[in-house]
Protein chains: 2
Amino acid sequence: MTDATEIPGFHAIVPAGGAGTRLWPLSRRDHPKFLLDLTGTGRTLLQSTWDRLVPLAGPRGVVVVTGTAHERAVRDQLPGLGEDALLAEPSGRESMAAIGLAAALLRERHGDVVVGSFAADHVVRDRAAFETAVREAEEAARAGYVATLGIAPDHPSTAFGYIRSGEPLGLPGAPSVRHVLGFTEKPDAATAAAYLATGAYRWNAGMFVVRAEVLLGHLERLQPTLHEGLVALARAWDTPERAEVLERTWPRLTRIAIDHAVAEPVAAEGGVAVVPADLGWDDVGDWRSLAGLLPPGADGARVLGDAADALVRAADGALVVPAAGRLVAVLGLPDVVVVDTPDAVLVTTRERAQELKAVVDAVPDRLR
Amino acid sequence: MTDATEIPGFHAIVPAGGAGTRLWPLSRRDHPKFLLDLTGTGRTLLQSTWDRLVPLAGPRGVVVVTGTAHERAVRDQLPGLGEDALLAEPSGRESMAAIGLAAALLRERHGDVVVGSFAADHVVRDRAAFETAVREAEEAARAGYVATLGIAPDHPSTAFGYIRSGEPLGLPGAPSVRHVLGFTEKPDAATAAAYLATGAYRWNAGMFVVRAEVLLGHLERLQPTLHEGLVALARAWDTPERAEVLERTWPRLTRIAIDHAVAEPVAAEGGVAVVPADLGWDDVGDWRSLAGLLPPGADGARVLGDAADALVRAADGALVVPAAGRLVAVLGLPDVVVVDTPDAVLVTTRERAQELKAVVDAVPDRLR
């Protein structure tokens with residue numbers, strides 16, 4: 001059930017980055033995954049992220065952090081995004097800098113609000129479950145925890161990190177929330193299967209909900225230099241000094257992921273909580289993952305794009321992406337992946353999709 | 001060894017037709033196989049056919065029979081073709097009409113010459129062996145036989161008809177020529193293997209060498225109506241009446257292949273001879289056949305086109321045809337076939353290539 005009201009004082013941070021390697025040739029360095037409609041809904045991943053956050057944070061409560069190269073595209077796709085709600089990074093400095101800057105700026109502007117960080121390039125099919133989970137996470141955040149959403153695994157994936165959950169927190173407004181005992185790196189297949197057997201592990205989707213003051217407090221303690229730079233930047237952001245401070249500070253910010261900077265060490269101290277969530281979530285990490293998100297057609301193939309541009313025979317489980325207005329004909333080859341764009345076509349299999357980076361590394365620079 | 005002199009009074013007939021279905025999407029209805037460079041030599045199949053016939057027949061001794069739709073393209077590709085040496089058919093009436101018209105016309109123009117018929121869309125890699133074989137066939141033709149070139153089979157192909165050879169003819173100038181006991185339809189695999197085991201069977205490449213008078217004599221006896229139409233047409237061809245006679249006669253010509261009209265019944269009468277020939281011949285009947293003609297690159301893939309446009313990983317035996325100036329990237333999928341053209345891309349396997357017609361039948365008309 002969806003509660004239609006906004007969460008008072010809740011702000012959503014949307015890091016919008018990524019190299020676009022694993023969904024090449026549809027995604028490119030300067031046209032990454034979050035700018036694409038990968039579900040055939042008519043909305044890009046960024047727009048869908050916006051659509052599911054606005055009911056919780058309100059249109060004025062969403063902040064997007066992206067590279068300067070994508071500023072124009074983000075504005076075009078999100079006409080409702082506030083003038084001062086797009087934070088443009090001069091260069092990528094990993095997720096802790098992006099989220100930390102936004103959290104510090106929101107604290108400058110609004111005081112000790114609860115912030116939630118949600119990547120711009122994930123798919124969430126069950127929006128009601130998402131809203132329920134975020135509301136519970138917000139309760140845990142108010143209680144001082146770094147709260148994260150833990151996705152119910154439906155297979156022993158080796159593509160995601162896992163969250164190991166412990167005892168329930170016992171919060172009245174968030175009955176399902178549990179302590180986090182630790183985070184894991186992406187496991188091998190046997191380890192992943194063992195995780196699933198225990199019932200205690202959930203996928204780490206990188207969604208964090210936390211009071212700005214709590215997050216920045218952890219950061220001050222664990223990454224003091226990074227904290228100092230971000231706080232200085234946040235103070236200058238809404239002043240004429242922004243450009244100057246940005247130029248001086250940004251290139252020296254520590255490059256570190258929020259998982260390593262905060263989530264893992266704080267979990268070890270007992271400060272992280274997990275909200276079990278079954279969201280129909282996927283990070284659309286590669287073509288295999290995308291194939292799983294699309295419904296099969298009468299010919300057994302999945303098509304992202306105009307089905308009239310795909311002619312498939314004897315290729316059950318094929319994924320065809322006709323993105324160049326040309327006909328893509330497939331004969332034989334179950335589970336083949338064909339991605340057709342105006343300047344490059346990729347032919348591979350679902351099984352091989354994870355190895356795509358090796359191909360993209362060999363592609364001429366102009367096509368990356 | 002190549003004998004560099006022309007064969008006196010020898011004329012070559014080149015039927016240039018075909019629907020282009022089995023090499024779709026590179027070949028199309030109005031851009032059939034013979035107009036394509038399928039071997040990466042820089043010469044189209046038609047041009048290569050010309051190149052190997054001119055040393056035998058001279059540039060003035062080659063006649064091309066093609067559809068009116070391809071007249072311009074043939075002229076463009078063969079600037080040396082004589083003004084009166086292109087016979088344009090208003091519509092396709094099968095090979096007997098095409099070859100019979102040319103033979104009748106050559107008899108009108110030159111008397112009882114020896115004519116040889118060679119399809120415009122086959123590959124012959126050993127030109128010296130071809131010349132030797134044609135010279136032997138010409139000897140047999142002078143002796144009154146319908147002579148055909150019988151290709152030494154290197155595998156039990158089910159894609160070709162077979163020629164069953166008998167005793168040597170005993171002609172002094174053509175020692176290897178034998179009687180033909182019969183022709184077969186394309187056999188199944190077991191039958192083809194049995195054929196090979198006997199050593200008496202050779203592939204029927206549809207190449208016939210025969211005196212015009214002999215061919216037309218057989219035709220008069222076996223297909224009198226067709227003969228009558230062709231002779232009337234040949235008489236009118238070089239006169240102001242050509243258009244009128246063509247319009248009246250052409251649509252009523254019997255549709256029949258030269259194999260059925262002449263070669264098979266005459267073989268049963270003992271009138272056909274075969275020249276055993278090992279020519280590096282292929283009819284490039286489908287993508288699998290083409291793949292076998294191209295040398296593999298360092299990555300194990302065959303590329304027809306600019307190798308820089310093909311990026312292949314872990315796909316030994318792949319055939320990539322980048323014919324749209326775009327990058328074709330293949331990851332995994334040994335033996336895959338990828339043919340990239342400006343308005344359609346085909347992805348299939350060597351194994352499935354023979355089933356391509358079913359796909360082309362479903363392709364929108366504008367792309368056929």
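Model, not experiment: these values are computed from the prediction. The sequence lines fix the lettering, A, B, ..., with proteins before strands; numbering per chain opens at 1.
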Closest-packed option against chain A by number of heavy-atom pairs under 4.5 Å, given B/Ala344, B/Pro322, B/Ala314, B/Ala324: B/Ala344

Chain A contact via B/Val360 - which portion, at a heavy-atom distance below 4.5 Å: neither

Ring centres under 6.0 angstrom apart (A/Phe160, A/Trp281): yes

Portion of B/Val336 that has a non-hydrogen atom of chain A nearer than 4.5 angstrom: side chain

Centroid-centroid under 6.0 Å between B/Phe34 and B/His70 rings: yes

Contact origin within A/Leu346 toward chain B - heavy atom pairs under 4.5 Å: both

Close aromatic pair by centroid cut-off 6.0 Å: A/His31 and A/Trp24: no

Part of B/Val359 lying under 4.5 Å from any heavy atom of chain A: both

Side-chain donor-acceptor pair present, A/Thr341, A/Arg28, cut-off under 3.5 Å: yes

Nearest-0.5 Å distance that lies between atom CG in A/Leu46 and atom CD in A/Gln77: 5.5 Å

Region of B/Pro25 that comes under 4.5 Å of a non-hydrogen atom in chain A: neither

Side chain / backbone / both / neither for A/Pro364 at chain B, heavy atoms under 4.5 Å: side chain

